[in-house]
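Reading through the structure tokens given below for one structure.
So you know, we letter chains A, B, ... as the sequences are listed, proteins then strands, and number each from 1.
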Amino acid sequence: MRPFCYQSETCVSRLNPRQQEAMEAVSGAVLVLAGAGSGKTSVITRKIAYLIDECGLKGHQILALTFTNKAAREMKERVGQLVQGKAARGLTVSTFHNLGLNIIRRECQALGYRPGFSIFDAQDVLTLLKDLTHKEFEAAEDVCEPIQYQISNWKNDLVSPAQALAGANGPEQVLAARVYEAYEKTLKLYNGVDFDDLILQPVRLFTERPDILDKWQNRVRYLLVDEYQDTNSSQYLLVKQLVGMRANFTVVGDDDQSIYAWRGARPENLAILQADFPSLKVIKLEQNYRSTGRILKVANKLIAHNPHEFEKALWSDKGYGEPVRVISCHNEDAEAERIATEILQAQLQNQGAYKDFAILYRGNHQSRLMEMKLQTYKVPYKINGGQSFFGRTEVKDIMAYLKILLNPADDNAFLRIVNTPRREIGAATLEKLVNYATMRGVSLISASQEVGLKEYMSGNALAKVQEFGEWINGLAEQAERDDPIAAVQQMIRDMEYQDWLLQTSSGPPMAEKRMANVELLVESLKESLEVAVKKNEYADMGDAVARLVLLDILERQEEEDDSDRVQLMTLHSAKGLEYPHVFMMGMEEDLLPHRNSIDEGNVEEERRLCYVGITRARQTLTITLARKRQQFGEMLETTPSRFLDELPEADLEWEGRGDDDPSKNVQQGQATLAGLKGLLDDF
DNA sequence: TCCTTTCGTATTTTT
DNA sequence: TACGAAAGGA
């Protein structure tokens, strides 16, 4: 739970004048430039309440868009506290992708998809691309990642395969464009959409079908967009289409917190907005309710090194606060150890709970050492991000099974699971099946049931393939006819997945854990169907699975975990969060700013990343760096980050600067340890 | 078909 | 160093 209550939720008069202005600007286009910690979520939620209570809008006429499920949930909850009764009914707070999914589901036919279409996640897409490049282009598989990236960019920029091919320069681009074309065809054939399609297809539909657009425009009388700086071109276009001529909307964003440009986000959408809507009202929120004055000064000073479209200076009335500590450690080991002991010490001196501390880093790999040190000092911690639930093979397996139950055309899912667990259906048999299916122009499942297949493969192989297809078809029927959950459970039992896990896991405890994940998956599916029934909605298995792919359901489980633990995460995933005490580690050249960003001339985004990190801190900020770090196997001297030079010297408290004498550091470490021992003894 | 060895390569990742 | 992928051997 993030404390937000610097004022009562229900008391509108306590908004500051700027926030008030933002809330009351209800006609025309409004851009709220909300600095870090300036209460932007508060403005959005209040504004929704204001629209309902004061402007006579109904909940179902309002749409609020976020990027993450978490943000959407949080916003929903807060609005729920502000607006009671049925006026709020039908209010939509959703992610861009969820909105897109809903549009596609509703307008499925007009778009040429069949119900039950699959969502291909990044992993599915990569598998498909590898398959395509291998078969149709005889290209090496390792070109797939850049191609995937390129295709995603094209789709986000609404570039069609033909346009991509026409505009391609160089052989790689030509290849990418060709693969793009084949990819789009195949995806359509599989009745599948990728994440980019969730935005792109609605945009395409709205462009081609003004009648359908009209319908949606009438439904959305007021639109609000959170984290607007993170929108890409197609998302912005979707926003523009939805608001139409009426152009009644509010977008909230902060160009200084744009850290996803590498993922297609277009922070320049902020400036474009001004050009597209000349009457745009721009409101700046500069009062920060989160951090001490000093932290803000440091943050402002840093970000001032970036060029700005909109000038903005954060201030706070929270007092100046403690200096920002910069600790230069002998090496990465000492750095991690130092952070661990610092937290333990503060904890023992009762300076807050573990969960008040966050350790932020640039790359996930930096968490390793940190984890080890926290373990040795028995500091409870939680890692945010890293290997996700959906990265796990068992989850991917079951998801593929679910997808094929719902969407028999999903050959990608078929190929993933046809021989998992082992069914003695090998590469040779599959190739024949694929050839046959291609020739007949049907899905692999259908092909497996056709009589003509027997002329292409041997009796044994044929029997196995037929058996598999029959089994899947039977289950799909069962899922459709009666209880889908029962069908899924039946399926998992039938294929003896538990035994398979036992065989493929490193040991029984591991297998058990993985089976637990599978059960968790089924459980969340069940729950989501039950919720739909309770809300008197049509309990649709396809919808439940789709929401599962969009991570919506499972995140909730993790969120309920409010145990007292130190939070570890990357700077990227820290955006939007805040902690009383923040540690930023690895403040070195080549790490922050990252080597690759320096090479690409993208230091500005790294600076924003650093800015995001600094502005997470409420009370204290500690920056650490290692003078030596193991890079690619060898110990190398590091250079302190250029960003340190950009901070106001007077507000920093250095420790160990220019101190290259290792003995002193060891001593320092021992001193800390001794101190800790004393503290522990007192306990 | 599966297991071992070897080789190559090291960001960030809301959905 | 450390991990994943690809290739090659059993």
Side-chain angles (χ1 to χ4, degrees), chain A residues 65-74 94-101 119-126 130 134 140-142 144-145 148-149 152 155-156 193-200 226-227 229-232 234-235 257-265 332 360-369 384-388 390-391 419-420 422-429 503-504 546-555 569-577 586 590-600 602 605-606 608-610 612-613 629-636:
Chain A
L65 292 174
T66 65
F67 277 85
T68 64
N69 296 309
K70 197 173 163 193
R73 272 197 301 277
E74 209 170 274
S94 97
T95 62
F96 270 96
H97 293 267
N98 246 315
L99 172 74
L101 174 66
I119 299 176
F120 280 53
D121 68 18
Q123 182 70 159
D124 298 325
V125 170
L126 192 63
K130 280 184 177 164
H134 182 72
E141 277 189 357
D142 55 357
C144 284
E145 264 124 300
Q148 178 179 25
Y149 181 76
S152 178
K155 292 183 87 157
N156 287 156
V193 294
D194 60 23
F195 282 155
D196 301 321
D197 280 326
L198 291 175
I199 313 298
L200 179 66
D226 190 20
E227 304 280 13
Q229 76 284 348
D230 289 339
T231 52
N232 61 35
S234 58
Q235 282 160 341
Q257 291 187 70
S258 162
I259 53 174
Y260 285 105
W262 54 273
R263 238 179 151 248
E332 56 197 326
L360 311 180
Y361 37 79
R362 176 68 233 259
N364 277 125
H365 63 278
Q366 287 174 269
S367 71
R368 292 245 171 95
L369 244 186
N384 198 326
Q387 173 70 298
S388 78
F390 273 84
N419 207 28
T420 310
R422 292 275 113 79
R423 291 190 183 89
E424 295 170 294
I425 300 172
T429 320
Q503 276 173 48
T504 53
R547 302 241 322 271
L548 219 47
V549 180
L550 295 182
L551 288 168
D552 188 18
I553 298 165
L554 287 145
E555 281 175 355
M569 70 194 87
T570 63
L571 288 162
H572 281 90
S573 42
K575 193 172 81 159
L577 305 175
D590 293 357
L591 212 60
L592 185 68
H594 195 275
R595 166 95 257 162
N596 297 354
S597 299
I598 299 173
D599 292 346
E600 287 164 28
N602 226 351
E605 182 149 311
E606 297 288 305
R608 289 193 290 266
L609 199 50
C610 185
V612 165
R629 187 178 291 274
Q630 215 168 59
Q631 281 163 355
F632 312 141
E634 52 182 337
M635 266 300 188
L636 291 177

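Contact annotation: Asn69(A) reaches the phosphate of dT15(B) (side-chain N/O to OP1 or OP2, under 4.0 Å). The side chain of Asn596(A) contributes no N or O atom lying less than 4.0 Å from OP1 or OP2 of dA10(B). Side-chain nitrogen and oxygen atoms of Asn419(A) include at least one within less than 4.0 Å of the OP1 or OP2 phosphate oxygen of dT1(B). Residue Thr570(A) places at least one side-chain N or O under 4.0 Å from the OP1 or OP2 atom of dT13(B).
Nearest to the side-chain atoms of Asp230(A) among the listed nucleotides dT14(B), dT13(B), dT11(B) stands dT14(B). The listed nucleotides are dT14(B), dC3(C), dT15(B); the one nearest the side chain of Phe195(A) is dT15(B). Closest to the side chain of Gln630(A), out of dT12(B), dT14(B), dT1(C), is dT1(C). For His572(A), taking side-chain heavy atoms from C-beta onward, the closest of the listed nucleotides dT1(C), dT11(B), dT12(B) is dT12(B).
Between Trp262(A) and His572(A), the ring centre distance stays below 6.0 Å.
One interatomic measurement links the two molecules: CZ of Arg423(A) to P of dT1(B), which rounds to 13 Å at whole-angstrom precision. Between the CG atom of Asp196(A) and the C1' atom of dT15(B) there is a distance of 9 Å, rounded to whole Å. Note: CD (Glu332(A)) to C1' (dT1(C)) measures 10 Å, nearest angstrom. The nearest whole Å value for the distance from the CD atom in Glu145(A) to the P atom in dT9(B) is 12 Å. If you take CG of Asp590(A) and P of dT12(B), they are 15 Å apart, rounded to a whole angstrom. Rounded to an integer number of Å, the gap from CG of Leu65(A) to P of dT15(B) is 14 Å. Distance OH (Tyr361(A)) to P (dT11(B)): 14 Å, rounded to an integer number of Å. Distance CD (Gln631(A)) to C1' (dT11(B)): 13 Å, rounded to an integer number of Å.
You cannot call His97(A) stacked on the base of dT15(B); the centres under 5.5 Å and planes under 30° rule is not satisfied. Residue ring and base: Trp262(A) counts as stacked with dT12(B) (centre distance below 5.5 Å, interplanar angle below 30°).
Between Asp194(A) and Lys155(A), the shortest heavy-atom distance links the atoms OD2-NZ, 2.8 Å.
Side-chain contact between Cys610(A) and Leu592(A) is present, with at least one heavy-atom pair separated by less than 4.5 Å.
Glu600(A) comes within 4.0 angstrom of a nucleotide base, judged by non-hydrogen atoms across all strands. As judged by a 4.0 angstrom heavy-atom cut-off over every strand, Thr66(A) is placed among residues making no nucleic acid contact. Here Glu634(A) lies out of heavy-atom contact (under 4.0 Å) with every strand. Contact annotation for Phe96(A): no contact, since no heavy-atom pair falls under 4.0 Å across all strands.
In terms of position along DNA chain B, the nucleotide closest to Ile425(A) lies nearer the 5' end than the nucleotide closest to the other residue of the pair Leu571(A) and Ile425(A).
Judged as a salt bridge (charged side-chain N to carboxylate O under 4.0 Å, His left out), and not counting sequence neighbours, the contacts of Asp590(A) are Arg595(A). The salt bridge (charged side-chain N to carboxylate O under 4.0 Å, His left out) search around Glu227(A) returns Lys40(A), Lys575(A), not counting sequence neighbours.
Taking atom C1' in both dT11(B) and dA6(C), one finds a spacing of 24 Å when rounded to whole Å.
If you check distances only, the side chain of Arg368(A) never reaches the base of dT1(C) with a donor-acceptor pair under 3.5 Å.
Between Ser152(A) and Asp196(A), the side chains place a donor N or O and an acceptor N or O closer than 3.5 Å (distance only, hydrogens not considered).
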